Amino acid sequence: MSTAAPAVLPISSAQSVESQPPPATSAALSLLYHLNDSIRNGLSQRRPWAELADRSAFSKPESFSEALLRVRKNYTYFRVNYLSVIGLTLAFSLLTHPFSLLLLFGLLSSWIFLYLFRPADQPLVLFGRSFSDRETLGILIVFSVFVVFLTSVGSLLISALMVGVGLVCAHGAFRAPEDLFLDEQEQASTGFLSFLGGAASNTANAAAIAARV
């Protein structure tokens, strides 16, 4: 007499579903991956810092037009180094003003988690009230205007940016570019903030993927 096989109990897939990261987390990780990849690729194109600080190549420009020409050529050659100097200037200014850094971090976090990576089918709920996408966008814009224009964040960023650009322009004007050699491909690919443009393009693609998710 054969015994009946025991019934197979259905296995719930709730555990596997819970183990998967939420769409917002996946989109954020994708954005960080694209941004990190763009920064790594851009930094790999930087010139040696010893070449940037070669004192034997510094000389006074004979005219203002020559200074502008030097700045243009040096920016084409040292663009990643120059952008790194500006970025370090901004970072140093924010680190020496922790309150402004905290406000800026809160502003960026609000845009990322409350608008960019928030699921479209889940409205924002604050203090028991539900806000639509248009209302959320309006609140974030008002908060951005308050942080940038009514606190020290805006003046700090502008002053740090001006200091960084001033250092770059001073170096580019006094650094003689006669020993710098650029091929045609580099000259064609260089534009104003081309390195940041590539990073922004990848970031926009990642944000578009997050919006579809």
Side-chain angles (χ1 to χ4, degrees), residues 31-105 107-108 111 144-145 147-206:
L31 174 63
L32 292 177
Y33 172 78
H34 284 287
L35 187 59
N36 180 59
D37 186 60
S38 299
I39 293 176
R40 290 170 63 97
N41 291 336
L43 292 178
S44 65
Q45 301 175 6
R46 69 181 182 273
R47 306 295 181 177
W49 291 101
E51 188 177 3
L52 185 77
D54 186 8
R55 292 184 297 177
S56 61
F58 285 88
S59 63
K60 183 180 179 180
E62 297 181 356
S63 61
F64 182 73
S65 59
E66 182 183 359
L68 291 179
L69 183 61
R70 285 185 177 187
V71 171
R72 180 180 178 184
K73 290 183 177 180
N74 284 316
Y75 173 77
T76 303
Y77 189 80
F78 294 112
R79 69 185 184 279
V80 178
N81 302 75
Y82 284 164
L83 292 175
S84 300
V85 170
I86 296 175
L88 290 175
T89 305
L90 290 172
F92 178 78
S93 300
L94 289 174
L95 290 177
T96 54
H97 297 79
F99 179 72
S100 298
L101 178 61
L102 183 62
L103 285 177
L104 185 61
F105 180 77
L107 176 62
L108 295 178
W111 277 99
S144 302
V145 172
V147 170
V148 174
F149 296 101
L150 300 181
T151 65
S152 60
V153 173
S155 59
L156 179 66
L157 292 178
I158 294 175
S159 59
L161 185 62
M162 291 179 63
V163 171
V165 173
L167 292 175
V168 167
C169 291
H171 180 275
F174 285 91
R175 210 281 186 193
E178 282 76 13
D179 60 332
L180 307 181
F181 299 96
L182 294 172
D183 53 21
E184 295 181 357
Q185 183 178 1
E186 284 181 334
Q187 292 182 358
S189 62
T190 55
F192 184 71
L193 300 182
S194 59
F195 163 57
L196 293 182
S201 177
N202 290 334
T203 303
N205 294 333

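This is a predicted model, so every value here is computed, not measured. Only this structure's heavy atoms are used, side chains among them; waters, hydrogens and symmetry mates stay out.
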**Q.** Contact list for residues 55-68, test salt bridge (charged side-chain N to carboxylate O under 4.0 Å, His left out), sequence neighbours left out
**A.** E66-R70
Q. Under the side-chain contact (heavy atoms from CB on, under 4.5 Å) test, which residues partner S84, sequence neighbours left out?
A. L43, W49, V80
Q. How far does CD of E178 sit from NZ of K73, to the nearest 0.5 angstrom?
A. 7.0 Å
(Q) Closer than 3.5 angstrom, by distance alone: can the side chain of R47 be matched with the main-chain N or O of N81 as a donor-acceptor pair? (A) no
(Q) For the CG atom of L108 and the CG atom of L103, what is their distance to the nearest 0.5 Å? (A) 11.0 Å
(Q) Set out, in order, the CA-CA distance, both residues' side-chain angles and the distance that settles side-chain contact (heavy atoms from CB on, under 4.5 Å) for L161 and I86, then state yes or no. (A) CA-CA 7 Å; L161 185 62; I86 296 175; 3.7 Å; yes
Q | Residues which pass ring pair (Phe, Tyr, Trp, His ring centres under 6.0 Å) with F58, listed by chain and number, not counting sequence neighbours | A | H171
Q.
Among residues at least two apart in sequence or on other chains, which ones pass side chain to side chain donor-acceptor pair (under 3.5 Å) with T151?
A. none
**Q.** Test side chain to side chain donor-acceptor pair (under 3.5 Å) applied to S100 - qualifying residues, sequence neighbours left out
**A.** S152
Q | Heavy-atom check, side chain of F174 versus side chain of P61, under 4.5 Å | A | yes
Q) Would a 4.5 Å heavy-atom cut-off, applied to side chains only, mark H97 and V153 as touching? A) no
Q.
Show the nearest heavy-atom pair for residues V71 and A173, with the distance to one decimal.
A. CG2-N, 3.6 Å
Q: Give the intermediate values and the outcome of side-chain contact (heavy atoms from CB on, under 4.5 Å) for residues L95 and L101.
A: CA-CA 7 Å; L95 290 177; L101 178 61; 4.0 Å; yes
Q.
How long is the straight-line distance from CG of L94 back to CG of L157, given to the nearest 0.5 Å?
A. 5.5 Å
Q: With Y82 as reference, evaluate V165, L52, L167 under the side-chain contact (heavy atoms from CB on, under 4.5 Å) test and give the passing residue.
A: L52
Q | Point-to-point distance, once rounded to the nearest 0.5 Å, from CZ of F99 to CG of L102 | A | 7.5 Å
Q: Check step by step if side-chain contact (heavy atoms from CB on, under 4.5 Å) holds for L68 and R72.
A: CA-CA 6 Å; L68 291 179; R72 180 180 178 184; over 6 Å; no
Q: Could you pull out all residues at least two apart from S155 that satisfy side chain to side chain donor-acceptor pair (under 3.5 Å)?
A: none
Q: Could you grab the distance from atom CG of L90 to atom CD1 of I158, nearest 0.5 Å is fine?
A: 11.5 Å
